[in-house]
Structure formats: structure tokens, C-alpha cells
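Worksheet: the structure to be examined is printed underneath.
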Amino acid sequence: MTFEELRLVKPLLDAVRDAGYKTPTPIQQRVIPTVLDERDVLACAQTGTGKTAAFALPILQRLAESRPPRRKDGQRSRRRPIRTLVLAPTRELAIQISESFSTYGQFSKLRHLAVFGGVNKNPQARSLRAGVDILVATPGRLLDHMADGVVKIDTIEILVLDEADRMLDMGFMPDIRRIMKHVPKRRQTLLLSATMPAPIRELAHQILNRPVSVEVTPVSSAAETVEQFAFHVEKNDKPALLASVLDNTAYSRALVFTRTKYGADKVVRHLTRGGVEAAAIHGNKSQNARTRALAGFKSGKIPVLVATDIAARGLDVDDISHVINYDLTNEPETYVHRIGRTGRAGATGTALSFVSRDDHGTLRAIERLTKNQLQPADDMPGYTAPEVAVHAPAPKAAKPSGNGSGRKRSTSRNSGRKNTRRRYRRGRGGQRKASQTSN
Ligand code: AMP
């Protein structure tokens, strides 16, 4: 199927071509015509499926093809009324959605804006007063602007709730319900969610009108192109293991997940001390710090990004070669989201999970959900046992610089821990591998 067959108009086809897309993804094939037909949509799809374009393209087309409805008094508003509201759980996702509207809407005259917390309200308020057609917002900041009387959403024709399950996890449901009271009853509504827990199904039932259900790649079957390995490790040895893994693996970009914000900062400090450029993104970082970290990661300047789950949601970075679960997540579905950051668009990727004693039950749950057993660390191609890194401080200067794609730096610090290796290394005769392998 082609984008032309989806009835998209020329400016959008041009934008899609400019973006380098050749064929619509499965969710785009289903959702684009449905939105153009003005039907409600309930889509079960995760990041990486092309879901943003699936709703942004037909919304741009619908708005471009019609004029905003008249006000109740029959007059047209002087300022542009907001015609589409997209609610997103995180600032990062809001920014990415807004960037997608810029990309796909580059040949249209529609204006869009993203508003989110953590930054000064005033510039956002000024832009809102100037009038926008499409508003992308995190729920809390939208309510702030509504309370200030800066924004009215009673003119909405299309409402999108993106990553609804994450909004639920983040405690946004009361905010969503408050916002719902202000949108018109007559509207088109799209609800997208990676998973469909009961409260989301209930919300869908309440706010959608005879929706068309679309499901692409059920979460448990995601990321078949990702090779998954388990490293059994004592909690205290995780920093040394991470340093060693990065030291011995050819990676282009590695995304490291920690359970807590504090943990993320600690990992960054540890890596930085060992000479690895790393940055953290999480909810306690200022918007500027997050944007800087993300830009560095995207440009390749910072090869290792350490993130908590919430901060990583919606992160759209191509070419992440390795996802490292420094802390395993208790939610198997989150595991699938995490590893879905690599191996995107058919590329291969590698996911490494550090499994400590307490994690065995979690690991079993993940393996049950994904119907896949994580491979032992020793089976990872090109991986050299962490002995060198853990036991002897590796000679910094003597290391080869890698094959161009790999980032090799000596990060070893743990010369004092003599017995660490046995705990997470399985078998292989115990030979000491001092040489570096980069594949
Ligand atoms: P999303 O699921 O919206 O986060 O999109 C994931 C990535 O897929 C983004 O980098 C998009 O630019 C990209 N993408 C979206 N649609 C297509 C397509 N039809 N062909 C190739 N890449 C696409």
C-alpha cells in the first residue's frame, strides 16, 4: 500500500516523501483512512510503530480541508480557535509530537504549539494568545493555562489522547477527567495506548463514540529483532559490570534504564569518572538539561543516555544499538517498551538486562510475557568477560579506539573486588580474556 492510496493530499505526500517514508506502517494504513472518515479510533500501539504520523497526517488534512466552525452567535472568532488538542503524558513526547506536526505540516498554513510544565508559562501564554490550530499539551500545564484564562478548548473538533496508559501510570486520570468537561460533546476522539489495562478500557468506553479498534503488534510480540541477554549480578557489582560491558562492546548509542532518578544520576557519575560521556534524563532535571542531554545523544556526542522509564517514554532516537536494563523493571510490559527502543524499523538491536537476586521472579514474568528466554551473557557475540574490567584497572591509554562505531574507553575502577566475576559470569572455562573484541 502507498501513501497515495490512503487519500492523502499532495502537501502531505510531499512532506512524507521529504521525511523519507516509502510505505505507510500498518498502524498508518489502518488509522489514516479512519480519521479521514471522521470516525473515533481506539489504537493499541507502542512507540516506534509510526503512530504519531498515523494521527498527525489525517488531522492536518482534515483541518486544512475545512474552516473552523462558527461561534454560537454565528460569528467567526477573531483569533484562531484551537481545533485539535493532543494530550501527552511527558514533555518529551509533547515536543516530539509537535515536531512531527512541523515535519508533516511544513506545506500547510496551520499553526501548532506544544505546552508543558517545567518551563516558564509566559512565552507559552503569549503564543496561545496569538492563536494556534493544534495544541499539544501535558495535562497539568494545560489546566494551568485554562485556569489563567489563556486557553479555551470548547472549540475542539479533534481530541487525541496519546500514550493513555502512561498518563494513567503517572496519575493524570483526574486531570484528564477535568479537561474532558471542557471539550465539546460533538467531536472526533482518538485514544492511543501501548497497553489496554481496565481503567483505560473504561475511559475509552466513556469518551469514544463507536470507535474503530486498531491493534498493531501486541506488546508481547514486540522487538523480535532484538537480541536479549541476561547478566546475573550482585547489586553492588552493577556499576563495575556496566563499565565493563560498555568497555567491551561495540555500541553506537546505549540507553541505560535505572529504576530511580537518584540511581540515574549515580550511574552517570560513575560512567563519567571512568571516562565515558554520559548524561541522565529524568523528572528532576530542568527542561534545558533534558533537551541538552537529548540533543547530545541524538547527535552522537553523548553515546550513553541514562533514563528512568517515565523520562524515556516517547523518546524518538534512531540507531540505539543497545538498551541496558541496569535495573530490571517490575512490569514485564515496561521491559518490552524499553527494549523496543532498539531494533527499530527492522534494524537489529541488543538488550542487556542486569539481573540481581531479587529479580528472578521478575525475569520469569518477562520471559513468560515475551515467550522468549533471555540468553546467557556469555553467548553475546563479541562480548568479553568482565574479568579485566572488574579485577584489574585496565590500562587506559593502551586501549584501541575501536572500529569507529564502538565507544571504547577504559572505565575500570574495581581492582579491589577479587571474586566478582564468578557471580555473573557463567562457565566458559574461566580463561582470562585480556584482549578487546569489538564487533
Ligand atoms: P512513532 O511510533 O510515531 O514514535 O514513530 C517512530 C519512528 O518511525 C519515527 O522516527 C518516525 O519518523 C518513523 N516513521 C513514521 N512513519 C514512518 C514510515 N511510514 N516509514 C518509515 N519511518 C516512519
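Whatever order the structure lists them in is the order used to number ligands and atoms, beginning at 1.
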Phe55 and ligand 1 - part of the residue with a heavy-atom distance under 4.0 Å: neither
Consider salt bridge (Lys or Arg N to Asp or Glu O under 4.0 Å). Of Arg67, Arg187, Arg83, which one does Glu157 pass it with? Arg83
Any carboxylate oxygen within less than 4.0 angstrom of a Lys/Arg side-chain nitrogen, looking at Arg290 and Glu92? yes
Assign the ring pair His112 / Phe101 to parallel, tilted or perpendicular, where the plane angle (0 to 90°) is split at 30° and 60°. tilted
Would you mind running through ligand 1 and noting each atom that sits below 4.0 Å from a heavy atom of Thr52? 1 (P), 3 (O), 4 (O)
Would you check whether Thr23 reaches within less than 4.0 Å of ligand 1, judged by its heavy atoms? yes
Ligand 1 and Lys22, any nitrogen or oxygen pair closer than 3.5 angstrom? no
Within a distance under 4.0 Å of any heavy atom of Gly50, pick out the atoms of ligand 1 and give their elements. 1 (P), 2 (O), 3 (O), 5 (O), 15 (C)
Check this for me - ligand 1, Tyr104, N or O atoms closer than 3.5 angstrom, yes or no? no
Regarding Thr2 and Glu5, is there a side-chain donor-to-acceptor distance under 3.5 Å anywhere? yes
Could you check whether Thr84 and Arg62, counting side-chain N and O atoms only, form a donor-acceptor pair closer than 3.5 Å? no
